[in-house]
Amino acid sequence: MSKINITFPDGSLREFRKRVTGLEIAQGISPGLSKEALAVEVNGEVWDLGRSIDQDATVRILKWDDEGGKATYWHSSAHLMAEAIESLFPATKFGIGPPIENGFYYDIDLGDHALTADDLARIETKMTELASRDVPYTREEKSWTDAVAYFKKKKDPYKLELLDELKGETITFYHQGNFTDLCYGPHIPSTGRIKAIKLLSVAGAYWRGNEKNKMLQRVYGVTFPTRKELDVHLFRLEEAKRRDHRKLGQELELFLLTPKVGGGLPLWLPKGTIVRETLEQFLREEQKKRGYLPVVTPHIGNIGLYKTSGHYPYYKESQFTPVEVEGDLYLLKPMNCPHHFQIYSARPRSYRDLPIRLAEFGTVYRYEQSGELSGLIRARSFTVDDSHMFVRQDQLKDELVSVITLIQYVFKTLGFEDFRTRLSFRDPKNMEKFGGKEELWVRAEKDITEAAQEANLDHFVGIGEAAFYGPKIDFMVRDVLGRTWQLGTVQVDYVMPERFGLEYVGSDGRKHRPVVIHRAPFGSLERFIGIMIEHFAGEFPLWLAPVQAVLLPITDQYHTYAEDVQREFKDAGIRIELDDRNEKVGYKIREWETKKVPYMLVVGEKESSSNTLSVRIHKQGDRGAVDRKEFLRNLLKTIETKSLTLQE
RNA sequence: GCUGGCGUAGCUCAGUGGUAGAGCAGCGGUUUCGUAAACCGCAGGUCGUCGGUUCAAAUCCGACCGCCAGCUCCA
C-alpha cells in the first residue's frame, strides 16, 4: 500500500496510507478531536471528513471554533432544514441554501403558501427529529447529464438553472436521509452533530438577488452543537434588541421619527440635540486646530450645479423631485460639494493658499426607498460633517495622511477601537457606474493606496465600492448585531475639479487644477449617533451625556442646599438637574437609573451639614459621601479628558 | 419598490362577533421619607384610515397608510 505525507499546521509531518480520510487522521491524533472534527482543510480547501486524500497535502482539522468548521456546520444545517421542509411540504422547489455570518438560510419556492410562525415551529421540530437519526451526509459525483435528469424529474427549475451554468462539469450531489441536493459541499459527517436548532425568521428574497426575478421565501435559522451555545446566541440577539437605537432614542428622548413629518426625517429632541451638538463642537475644535475654515451653505441649489457635478444624471432616482422657482429648477441638495466648489471658485486662488479646507455640518436630502429607512441609521435627511479640501498634487498624500489620522483620533476618542478600513475602488468590469478619465482613476487609486500604507492603516480592498467620481477610504465599525456599518469616509477626486473648472495660479504664473479630498469622519451625524447609542447601550460617556448628574434631596428640607449645589455646578458648565419632586429617594433613583444618568447625588441632613454629596454611579450604586468641591473638580476633569469611564 | 409580519391610551400590553381594559406615565390630594416603584382619587381611546359582511365588528373580508424584518438599493 502506498503512503502519503500529511503536513499539519504546526509544521509537523506524518505518514499515512494513501486514501486516508480527514476523520481517520483526526482519530489518529486523538479520539476527542475526531468527535469534535467537523471538516478538514486540505491544501487550503475545505473538504468533507470522509473524503479520501490521495496525495501529499497540508491538512488542518476544522472544529466548531474554526471559521470553516462553523460554515460547514451551518451549511449542513441548511440541508437538514431543506429535508424537513421537503418532508412537510413535498412540492417545495429549492433555490440556494448557504451558511452566513450567524447561521444559514435556504431560499425556497412554496408556490402560493406563505410560511407562518407555526410552520417555522413545525419545521424546527421536524429538524430536531431528523437530526436525532444521526445519518451521514454522503458525497456523490455525477455526470452533468445525470444531474440534469434528476432535477428534471424533480421539476426543480432553480437547480436546473444553476446546473445550466455548470454545463459539462462533474457535478456533486450530497445526500442525507431522504434528501438530495446539488451542492459543492463540504458537509459535516452526520446529522447527529446538530443538537440545538432555532429558526429565526422568514423573509422574501429575489431569486439570485435580482429584483426582476421571482421572489422566493428565505428561511433563516441558526444551529449549535449545544443548547447552551444556542441560548447564549439568543441572549445576544435579545441584547441587540435592547440596544436598538430606535427604542433607546424614544426611551431616552433623544429623537423622534413620526409619519406626520415623514419617513426618514428625524426630529432631534432637546436631549439628543445635546449629544449632537457636543459631538459637533468636539470636531469643530479639532478642525480649527488643523486649519479648516467653517462655511455654511443653503439646503437647496440650482439643479445646474448637480448636472455639472454629475450627481443628477447618476442618482436621479435617489433624489427628491426638484422644485420650480421662477422658471428655474432647484434640488434639495444630495451633496454639499457643489456649494463648496462655488466658494472655492468665488475668487482666484494662489498655490500659496492651498490647501484650502472648507468645512460644514451640511444637511443633505436623499430619497431612500421606503423599505430602506431604518431609524437614524438610514434616513432621508441627514447631516454630513463634510469638508472639501482643495490641494496641490504635491500636497495630496500628506493631506490624506493627516485626514486619516484625524479620523482615527475621532474614533478612538469615542470608544470605537474596533474598526476596519476599506479601500473602495471602481469595478473595471462595470465602468458605466463610474465617471471620469481612466488615468485620473489610476492616479487616485494609487494615491489612496500609498496614503493608507503611509498611515499604517489596516485595510482591505473593495472592488466596485467607489463613488462615481473617485475611489474612497471607508471606515467601518461593527455594531452589537455583528453588522458592519460604514461611518467615516475619505475620497480622492480628480473628476469634480475638472467638471467645475476649479483652478489655482501656480508659482509658474499658469493655471493649474487642484485635487479635491472629500472627507467626513462621522459620515452622517444621524447614523453615527444611532450606532453610538447602540454601542454604549444608551449609557453615554460623561462628556456626551445629555444629563450628567441629578440631585436627589431626601425631603424638601434639603431643597435649598440642593439648589445651591445645582447653581454652582451649572455655573461650572455641568448639565445637572434637581429632582425636587415629592417622592421617596428610592423612587427617584429607580427612575434616573432607567434614564441612564451617570451620577445621582443624594443630599440630606448629613450632606447639607458637611457640604458633601452622596454619590451614586449609574449601575454601580452608592459610592458614599464626597466633598462637593472635590467632586465638581473630578467631574470637570472627566469631561475635559472625554473619559469613557466614570470616576468617583 | 418587493415579500412577510404587526398597528388597541403618551409607553408596555390584555381583550376571537354582544356596553373598550390593566400597569406605568400624566393630573389632584395625602405622606416628609436615606440608595431601583408610598397611598387614595381623577382624567385619558373614532381600537391606523376608508369601505364591506352582520341585528351587532377592536374582533370577519377588502383596499389604502404606517411600522418592523429581509430582499433590491445606498453618491
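Protein chains get the first letters and strands the later ones, always in sequence-line order, with residue 1 at the start of each. This one's a predicted model, so the numbers in the text were calculated from it and none came from an experiment.
- With both ends at atom C1', the span from B:C33 to B:C39 equals 13 Å, rounded to whole Å.
- Using a 4.0 Å cut-off, some side-chain N or O of A:Arg246 falls inside it from OP1 or OP2 of B:C68.
- Residues of residues 546-559 of chain A that place a heavy atom closer than 4.0 Å to RNA chain B, in numerical order, are A:Ile554, A:Thr555, A:Asp556, A:Gln557.
- Applying the salt bridge (Lys or Arg N to Asp or Glu O under 4.0 Å) rule to pairs touching residues 599-610 of chain A yields nothing, sequence neighbours excluded.
- Distance A:Arg366 CZ to B:G1 P: 20 Å, rounded to the nearest Å.
- When the nucleotides B:G66, B:A75, B:U35 are ranked by their closest atom to the side chain of A:Pro259, B:G66 comes out on top.
- Contact between the side-chain N/O atoms of A:Ser201 and the OP1/OP2 oxygens of B:A69 is not found at any separation under 4.0 Å.
- With hydrogens and angles ignored, a donor-acceptor pair closer than 3.5 Å exists between the side chain of A:Ser614 and the base of B:G34.
- With hydrogens and angles ignored, no donor-acceptor pair closer than 3.5 Å exists between the side chain of A:Tyr206 and the base of B:G70.
- Put simply, CD on A:Glu607 is 12 Å from P on B:U35, counting in whole angstrom units.
- For B:A75, the base has a donor-acceptor partner in the side chain of A:Ser318 [N/O atoms by modelled type, under 3.5 angstrom].
- Using N1 to N3 plus N6-O4 or O6-N4 for Watson-Crick, or N1-O2 and O6-N3 for G-U wobble, each under 3.5 Å, B:G41 pairs with B:C27.
- Here the separation of B:G66 from B:C50, taken at their P atoms, is 16 Å to the nearest Å.
- To the nearest whole angstrom, the two P atoms, one in B:U49 and one in B:A58, are 11 Å apart.
- The side chain of A:Tyr587 contributes no N or O atom lying less than 4.0 Å from OP1 or OP2 of B:C24.
- Residue whose closest nucleotide on RNA chain B sits further toward the 5' end, between A:Glu583 and A:Gly262: A:Glu583.
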